[in-house]
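In what follows, a single structure is set out as structure tokens and then discussed.
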Amino acid sequence: SSALYEGLLSSPGVSGPDYYAIGVGFYQADDFGNAVRGFSGAVDQNPRDRDALEMWARSLQLDSIYAEVPPVARRWVELDPYSQSGWAILAQAANFSGDAQTTQEAMSAIQGLELSVEQLELQRFGTGGGAVAGTVVNKTLEAGRSVTLRFTFYGTDGDSVGSTSETISVAEAGAPQPFEAQFDSTETIGGYSYELTIG
């Protein structure tokens, strides 16, 4: 219930993943103001928590707090540069706030994407390490081209703890190609980013 989540938000010693889970609870209940508190709390603890940055930006947008979206969305696309959703949310919020330069920059970024990386989600393993699942959606490449995603994983202090690469062949334009990249480590994962190369 909302009262339970609100109690958890203000209790001491809440971990980043707990804040994220609280944020999800509020988000699913359409309580976007408190969802913002949950997701921003997760990012306070794990500054490179890409998933929490995405949900924080989405919650701000759904709560119509457009002026606060761009700095959060920028941090999201910094970690997730091929997210068409991230650039679109940045463009919409900047446009709403009358920031023509940022709107144009985000629209240009979307037009320049040969593919988009969507539905990313980190699963943290209890003993350390984790896996990132998501989909690559081909936009303008010929089917069968190979794409390599190199994921960098960060500890709860924001420092890199290692990386792993996943190579996939893209499907027909418009078709999502799912993938999962697993990272074995004894470190607790605070967040991740990726770089993409088209083979």
Side-chain angles (χ1 to χ4, degrees), residues 20 23-24 27-28 30 32 35 39 42-43 48-64 66 69-97 99-124 130-154 163-183 189 191-199:
Y20 182 83
V24 169
Y27 187 89
Q28 289 171 341
D30 295 339
F32 302 117
F39 296 127
V43 173
R48 293 178 184 267
D49 188 338
R50 190 221 67 90
D51 297 4
L53 283 162
E54 172 181 349
M55 297 305 295
W56 182 7
R58 288 185 184 279
S59 300
L60 284 167
Q61 188 192 34
L62 288 164
D63 210 28
S64 307
Y66 300 110
V69 172
V72 180
R74 278 192 182 283
R75 289 176 66 184
W76 167 11
V77 294
E78 214 172 277
L79 300 175
D80 184 6
Y82 283 80
S83 171
Q84 182 162 326
S85 306
W87 287 112
I89 284 174
L90 177 57
Q92 286 160 3
N95 186 45
F96 195 88
S97 302
D99 179 349
Q101 188 181 339
T102 300
T103 305
Q104 186 53 52
E105 176 200 344
M107 293 303 291
S108 299
I110 291 170
Q111 284 153 9
L113 293 178
E114 294 171 289
L115 48 84
S116 69
V117 177
E118 302 298 334
Q119 297 175 305
L120 284 178
E121 193 173 356
L122 171 66
Q123 181 193 357
R124 294 175 174 87
V132 176
T135 58
V136 169
V137 182
N138 184 12
K139 293 178 74 175
T140 61
L141 297 172
E142 54 196 291
R145 281 289 291 278
S146 85
V147 171
T148 300
L149 287 145
R150 182 176 177 80
F151 287 94
T152 300
F153 292 87
Y154 304 94
S163 62
T164 186
S165 294
E166 192 70 22
T167 300
I168 55 176
S169 298
V170 297
E172 297 289 333
Q177 180 68 34
F179 69 86
E180 182 172 278
Q182 187 164 326
F183 177 66
I189 303 300
Y192 64 99
S193 63
Y194 67 82
E195 290 167 10
L196 187 147
T197 34
I198 297 167

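The structure displayed is predicted, hence computed values, not measured ones.
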Under-4.0 Å salt bridge between R75 and D49
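Result for this pair is no, no salt bridge flagged.
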Over all heavy atoms of both residues, which pair between [X] and [Y] is shortest? Give the atoms and the distance, please.
| X | Y | result |
| --- | --- | --- |
| T103 | N95 | OG1-N, 3.0 Å |
| A57 | V72 | N-CG1, 3.8 Å |
| T135 | P178 | CG2-CA, 3.9 Å |
| S146 | T167 | CB-CG2, 4.1 Å |
| A35 | G23 | CB-O, 3.7 Å |
| Q61 | Q92 | NE2-OE1, 2.5 Å |

Taking the inter-plane angle between the rings of Y194 and Y82 on a 0 to 90° scale, is it parallel (under 30°), tilted (30 to 60°) or perpendicular (over 60°)?
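The arrangement is tilted - the two ring planes meet at 30° to 60°.
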Classify the ring geometry of F96 against Y66: parallel below 30°, tilted from 30° to 60°, perpendicular beyond 60°.
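Ring orientation of F96 relative to Y66: tilted.
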Within the structure provided, determine whether [X] and [Y] are in side-chain contact (heavy-atom separation under 4.5 Å).
| X | Y | result |
| --- | --- | --- |
| I89 | Q84 | no |
| Y27 | F39 | yes |
| E180 | V132 | no |
| F151 | F183 | no |
| L90 | T102 | yes |
| L196 | V147 | yes |
| I168 | V136 | yes |

What residues form a side chain to side chain contact (heavy atoms under 4.5 Å, CB included) with R150, not counting sequence neighbours?
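R150: side chain to side chain contact (heavy atoms under 4.5 Å, CB included) contacts with S163, S165.
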Assess whether side chain to side chain contact (heavy atoms under 4.5 Å, CB included) is satisfied between R58 and S85, documenting all intermediate values.
CA-CA 10 Å; R58 288 185 184 279; S85 306; 3.4 Å; yes
Roughly how far, to the nearest 0.5 Å, is [atom2] of [Y] from [atom1] of [X]?
| X | Y | atom1 | atom2 | result |
| --- | --- | --- | --- | --- |
| S169 | R145 | OG | CZ | 11.0 Å |
| D80 | L53 | CG | CG | 10.0 Å |
| E54 | S59 | CD | OG | 10.0 Å |
| L120 | S83 | CG | OG | 7.5 Å |
| W87 | S108 | CH2 | OG | 9.5 Å |

If you count every heavy atom of other residues, nucleotides or ligands that lies below 6.0 Å from Q182 atom CD, does the total exceed 12?
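Yes - once you tally the heavy atoms of other residues, nucleotides and ligands closer than 6.0 Å, there are more than 12.
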Please lay out, stage by stage, how T148 and E166 fare under the test side chain to side chain contact (heavy atoms under 4.5 Å, CB included).
CA-CA 6 Å; T148 300; E166 192 70 22; over 6 Å; no
Could you tell me if Y192 and D51 have a donor-acceptor pair between their side chains, going purely by distance under 3.5 Å?
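Yes - a donor-acceptor pair under 3.5 Å links their side chains.
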Pick one: which of L79, L122, V43, V77 meets side chain to side chain contact (heavy atoms under 4.5 Å, CB included) with R50?
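Exactly one candidate clears the test, L79.
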Stepwise, does the side chain to side chain contact (heavy atoms under 4.5 Å, CB included) test hold for Y154 with S193?
CA-CA 8 Å; Y154 304 94; S193 63; 2.8 Å; yes
Quick one: salt bridge (Lys or Arg N to Asp or Glu O under 4.0 Å) pairs with a partner in residues 104-118, sequence neighbours left out?
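Sorted pair list: R74-E105.
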Side-chain (N138) to main-chain (A171) donor-acceptor, under 3.5 angstrom
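Yes.
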